[in-house]
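Working notes for the structure below.
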Amino acid sequence: MRRALITLGLLAVLAAGGAWILTAPDPIPEARIAGLTGDPEHGQLIFDAAGCASCHMAPDAERAEGEPPVLAGGEAFQSAFGTFHAPNISPGPAGIGGWSDAQIVNAVMRGVAPGGVHLYPALPYGAYIKAEVQDMVDMTAYLRGLPVSDAESLPHDLSFPFTIRRAVGAWKLLFLDEDWVIEGDLTQAQQRGRYLVEAVTHCGECHTPRNALGGLKLSDWLAGAENPSGEGSIPDITPGGLDWSESDIAQYLSSGFTPEFDTAGGAMADVIANSTSRMGDDDRAAIAAYLKIVPPSGG
Amino acid sequence: MFATPLRRTGLAAGLVLSCLAALPAAAQDEPLTPEAAHEAREEHMKMLGQNLGVIGRMAQGEVDYDAEAAQEAADALVEISGMDMEAWLVEGSDSESLEDSRALPIIWDETEDYLAQWEDLHQAALAMQEVAGTDLAALQGAMGPLGQSCGGCHRTYRASE
């Protein structure tokens with residue numbers, strides 16, 4: 001009996017240790033990033049496609065035409081787990097000025113901050129993990145040339161147990177996945193669209209419903225979801241929910257006009273302003289081509 | 001429904017004027033019910049969309065530029081955007097009071113700004129009216145401010161679906 005208890009105790013310790021190891025941050029090795037040189041011009045394209053400015057500009061910031069964004073942070077994001085606040089990621093002391101390229105790329109692609117701290121998946125590293133490391137090194141080079149803000153980052157306002165950052169390691173084990181959602185024989189445009197939608201522009205973060213743990217339900221990929229802010233819902237953009245032509249979709253992503261000449265509202269207005277309207281026509285057409293091969297909802 | 005884009009244009013513009021007459025007038029003595037106010041706002045929006053569509057499809061190159069049709073639609077936009085929107089801000093017709101309404105309650109708190117946004121749209125429509133009949137490039141140039149005006153106001157004052 002006593003031996004059994006000791007065995008059981010040892011097993012518990014081992015399990016806890018195993019869990020501790022499994023939930024440890026898993027960064028991209030420094031060596032894989034250190035040899036790469038960032039191209040800020042291409043980095044701007046990635047930065048815009050990812051729509052970084054939509055979340056990381058101050059909530060009341062106006063972005064004048066041709067002006068670089070000031071990534072002061074401060075925007076609040078409501079969720080079932082509490083309120084997240086986008087941090088200052090401008091290239092100064094209050095932002096990411098002191099971070100190495102590898103640290104920035106790891107924050108973006110693995111959700112790991114300097115010191116091995118898990119970042120919450122409000123930062124969509126679940127998408128960026130699929131991106132090319134070189135693209136994110138380029139994005140970093142662009143980021144370093146943006147204006148500095150000395151605004152202090154706000155702490156998140158989360159409820160227990162979501163305040164335990166180590167638990168994010170378990171979340172990553174469950175939901176982080178480098179594989180594409182849509183597999184198969186894709187044309188070049190569809191592949192480009194997949195790269196943008198799944199890895200960079202991260203459409204699925206809002207347009208795909210989530211399970212109770214906040215993981216994306218990949219079986220309902222892009223099939224629409226509740227709005228985490230509680231206001232209305234986010235539309236189904238699979239062929240089951242959106243019957244627009246590819247050119248309708250591309251026009252919408254460019255001008256914000258629907259085929260009926262209604263306009264985008266809510267968060268999508270920001271996405272169009274900061275992201276898709278800044279893309280080239282080819283990239284918008286690629287997104288449209290990709291959306292047509294997503295399995296229709298309800299099927 | 002319509003045979004050609006051109007005919008469709010003419011019909012849409014004609015439709016606007018007859019619909020405008022049918023909308024509840026601003027200076028009416030009888031107060032509007034919330035439902036009637038909501039319906040009037042929606043019809044008003046549809047007419048804006050129809051006429052914007054005539055110009056927008058030309059700007060996007062989906063239909064050929066037609067100076068006369070563009071001018072007609074721009075004239076209609078000026079008229080529609082210049083209507084007195086305050087008359088339709090009936091209490092109880094916001095998105096929390098009426099099931100179909102997407103007019104956020106904040107409109108009633110920020111009425112001054114809301115009406116200023118309408119004035120911005122009206123100014124953008126006037127600028128379009130100036131150039132719509134000139135040529136395609138001028139029309140395309142005036143399209144941006146119109147779109148920004150629509151989007152800017154929807155972003156603040158319209159509930160998502």
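Labels below follow one simple rule: chain letters A, B, ... track the order of the sequence lines, proteins then strands, and each chain is numbered from 1. Just so you know, these numbers use all the heavy atoms, side chains as well, and skip hydrogens, waters and symmetry mates. Just so you know, these numbers come straight off a predicted model, no measurement behind them.
- For a residue to count as touching a neighbouring chain, one of its non-hydrogen atoms must lie under 4.5 Å from one of that chain's; by this rule A:P235 does not touch chain B.
- Atoms CZ and CG, on A:F261 and B:L146 in that order, are 11.0 Å from each other to the nearest 0.5 Å.
- Taking OG1 from A:T263 and CD from B:Q148, the interatomic distance works out to 11.5 Å, rounded to the nearest 0.5 Å.
- Annotation for B:E130: atom CD does not count as buried by contact number, only 12 or fewer foreign heavy atoms lying within 6.0 Å.
- In this structure, CE in B:M45 is found 8.5 Å from CG in A:D262, a value given to the nearest 0.5 Å.
- For B:R158, the part sitting under 4.5 Å from any heavy atom of chain A is the side chain, from C-beta outward, and nothing else.
- Contact record, A:S255 with B:Q60: OG-NE2, 3.7 Å, taken as the closest heavy-atom pair.
- Under a cut-off of 6.0 angstrom, the local environment of CG in A:D282 is sparse, with at most 12 non-hydrogen atoms contributed by other residues, nucleotides or ligands.
- Looking at A:A264, only its backbone comes within 4.5 Å of chain B, counting heavy atoms on both sides.
- Around CZ of B:R155, the count of heavy atoms belonging to other residues, nucleotides or ligands within 6.0 Å does not exceed 12.
- Counting heavy atoms of neighbouring residues, nucleotides and ligands inside a 6.0 Å radius, atom CG of B:D64 does not exceed 12 of them.
- Across B:G144, B:G147, B:A59, B:G56, the residue that shares the most heavy-atom pairs under 4.5 angstrom with chain A is B:G56.
- Note on B:G151, B:G152, B:C153: by heavy-atom pairs under 4.5 Å with chain A, the leading option is B:G151.
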